[in-house]
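Here the structure comes first, spelled out in C-alpha cells, and everything after it is commentary.
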Amino acid sequence: MQIGVDFGGTKIEAAALGPDGGILVRLRHPNPGDYDTALETVAGLIARIEAEVGAAGSVGVGIPGSPSPRTGLIRNANSTFLNGRPFGADLAARLGREVRLANDANCLALSEAADGAGAGARVVLAVILGTGCGAGLVVDGRLLDGAHGVAAELGHIPLPWPVPDEVPGPACWCGLSGCLETWVSGRGLQRDHAALTGQALAAPDIVAAAGAGQSDAVASLSRYIDRLGRGLAMAVNLVDPDVIVLGGGMSNVAGLYPALPPVIARHVFADAWEAPVVPARWGDSSGVRGAAWLWPR
C-alpha cells in the first residue's frame, strides 16, 4: 500500500492507493497553520488510514515548496511556517520510517504523466493554479527536479512581456515583485480585480460574475487569461511540452481551455504551436496520487 499526502495551503489530504492505483481511503483535515500542529495532523491522518486499511504503507508527501538537497530543510513554501524546518526528517521520526517529499506541483505532474491527462506524452508540464502557482515537469516518465530542486518553478519568474502598468508588479511573499504567482493564482485574480474595481470578491465569485456577463469581471478574467497565457508561453519556449496540464482551483474554470491556446501561440517562437492545454484528469486527487507514487509501484 502506498500513502500519499497533499499538504495544501488550506487543507491537508491523505489517501491510500491499492496495487491498481485506486484510492482505498481518503481523508482531509484543515491546515492548522502552524508547524507542530501540522506535523501531528499529517501523522494522525496516516495513522487513521493505516488503522482503517489494516496495513502499513510507504509514505510520500507533496508540499508547497521543496526540501533543499543540501540541508533537507524546507524552502520556498508559501505555507511559510514550513520554511527552514526539517519537515521530512521530523515526520519520518514521528512515523518511524522513511518519508519521501516533493514539491506539490511535481506530484501533480507525476500523477498526470503516469495515467492522467498527460499519459503517453514525452514531455508533460503540469501547473497548479490555486492559492499559489507552481509547476512540475516530467520527461520520458521521469520527474525532472533539477540540480538544485527548483526546475519548473514557474510561479516565481517575472510576468513575461509586461505592459507598463504591470511593472514592477505586486510584492510577492518570496521577497521579489511581479512574480507570475502574484498574477495567476486565485489570490492574484482576486487582488487584481479589487485593485481595479474596489470590489473584494473571491476568485470563484469573479469567475461566476464574468460568466453572467458583468463587464468588470469579464475584463478581470480576460486580463488573467492573457497573463497566464504569457507565462505558459515562456515555459513553452523553454521546454516545449507535448501537453500542458492544469490543476488547482482555477483549473476548474472551463473558459480557460479555449481561450489560452491562441494567447500562448502568439508568444511562442515557432511557426506553429498545437500542444493541448487540458485539465488534470484526476482533479484534486492528483496531488495525493503523485505523492504516493514517489515510491515505485
Side-chain angles (χ1 to χ4, degrees), residues 2-15 17 29 31-46 57-114 125-128 130-139 142-157 172-176 179 181 247-248 286-296:
Q2 295 162 293
I3 298 173
V5 178
D6 183 13
F7 194 105
T10 58
K11 66 173 175 60
I12 299 172
E13 179 177 352
L17 271 59
H29 193 280
N31 188 325
D34 72 89
Y35 185 81
D36 291 333
T37 310
L39 184 67
E40 290 304 312
T41 297
V42 173
L45 289 171
I46 293 168
S58 60
V59 177
V61 183
I63 60 171
S66 63
S68 166
R70 182 173 57 87
T71 66
L73 302 180
I74 306 304
R75 77 275 166 87
N76 302 335
N78 57 10
S79 290
T80 53
F81 62 85
L82 292 175
N83 291 328
R85 306 297 293 267
F87 186 75
D90 285 346
L91 183 59
R94 176 69 174 73
L95 297 176
R97 76 193 87 160
E98 182 184 354
V99 172
R100 294 185 179 179
L101 262 62
N103 176 263
D104 53 2
N106 286 355
C107 293
L108 168 68
L110 194 59
S111 173
E112 292 296 321
L125 177 68
V127 182
I128 293 179
T131 305
C133 171
L137 186 64
V138 170
V139 179
R142 294 173 62 91
L143 187 62
L144 180 67
D145 55 4
H148 302 90
V150 294
E153 279 288 2
L154 195 62
H156 294 280
I157 60 168
C172 182
W173 64 268
C174 75
L176 300 177
C179 291
E181 178 170 299
S286 270
V288 292
R289 288 168 58 85
W293 288 346
L294 294 172
W295 293 86

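Atoms considered below: every heavy atom in the structure, side chains included; atoms not considered: hydrogens, waters and symmetry mates. Each residue takes its place number in the sequence, starting with 1.
Rounding to the nearest 0.5 Å places CG of Leu144 at 5.0 Å from CG of Leu137. The distance from the CZ atom of Arg100 to the CG atom of Leu91 is 14.0 Å, given to the nearest 0.5 Å. Distance check: Arg85 CZ to Leu39 CG gives 9.0 Å after rounding to the nearest 0.5 Å. Note that SG of Cys107 and CZ of Arg289 are 12.5 Å apart. Values are rounded to the nearest 0.5 Å. Rounded to the nearest 0.5 angstrom, Cys179 SG and Leu154 CG are separated by 11.0 Å. If you take CG on Leu294 and OG on Ser58, they are separated by 9.0 Å, rounding to the nearest 0.5 Å.
Residues Ser111 and Gly290 come closest through the heavy atom pair CB-N, 3.6 Å. Residues Leu125 and Ala135 approach most closely at CD1-CB, 4.2 Å, considering heavy atoms. Listed here is the closest heavy atom pair of Cys133 and Val127: SG-CG1, 4.1 Å. Across Asn78 and Gly132, no two heavy atoms sit closer than the pair ND2-CA, 3.8 Å. Summarising the geometry of Gly146 relative to Ala151, their closest heavy-atom pair is N-CB, 3.8 Å, with the distance given to 0.1 Å.
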request  = Begin with the C-alpha distance, continue with both residues' side-chain angles, and end with the deciding distance and a verdict on side chain to side chain contact (heavy atoms under 4.5 Å, CB included) for Asn76 and Cys174.
outcome  = CA-CA 7 Å; Asn76 302 335; Cys174 75; over 6 Å; no

key: Asn31/Ile12 under side chain to side chain contact (heavy atoms under 4.5 Å, CB included): CA gap, chis, key distance, verdict   = CA-CA 6 Å; Asn31 188 325; Ile12 299 172; 4.3 Å; yes

key: Residue pair Val59, Leu95: steps toward the side chain to side chain contact (heavy atoms under 4.5 Å, CB included) verdict   = CA-CA 9 Å; Val59 177; Leu95 297 176; 4.1 Å; yes

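Panel note: side chain Ser79, backbone Leu82; no donor-acceptor pair is recorded below 3.5 Å. Between the Glu13 side chain and the Asp6 main chain, no donor and acceptor come within less than 3.5 Å of each other.
Of the listed residues (Ile74, Asn103, Asp104), just one forms a side chain to side chain contact (heavy atoms under 4.5 Å, CB included) with Ile63, and that residue is Ile74.
Shown here are the ring-ring contact (aromatic ring centres under 6.0 Å, His included) partners of Trp295, two or more places apart in sequence or in another chain: there are none.
Note on residues 33-43: pairs passing side chain to side chain donor-acceptor pair (under 3.5 Å), not counting sequence neighbours, are Asp34-Thr37, Tyr35-Asp90, Glu40-Arg94.
Leu17 is listed as a side-chain neighbour of Trp293, based on a closest heavy-atom distance under 4.5 Å.
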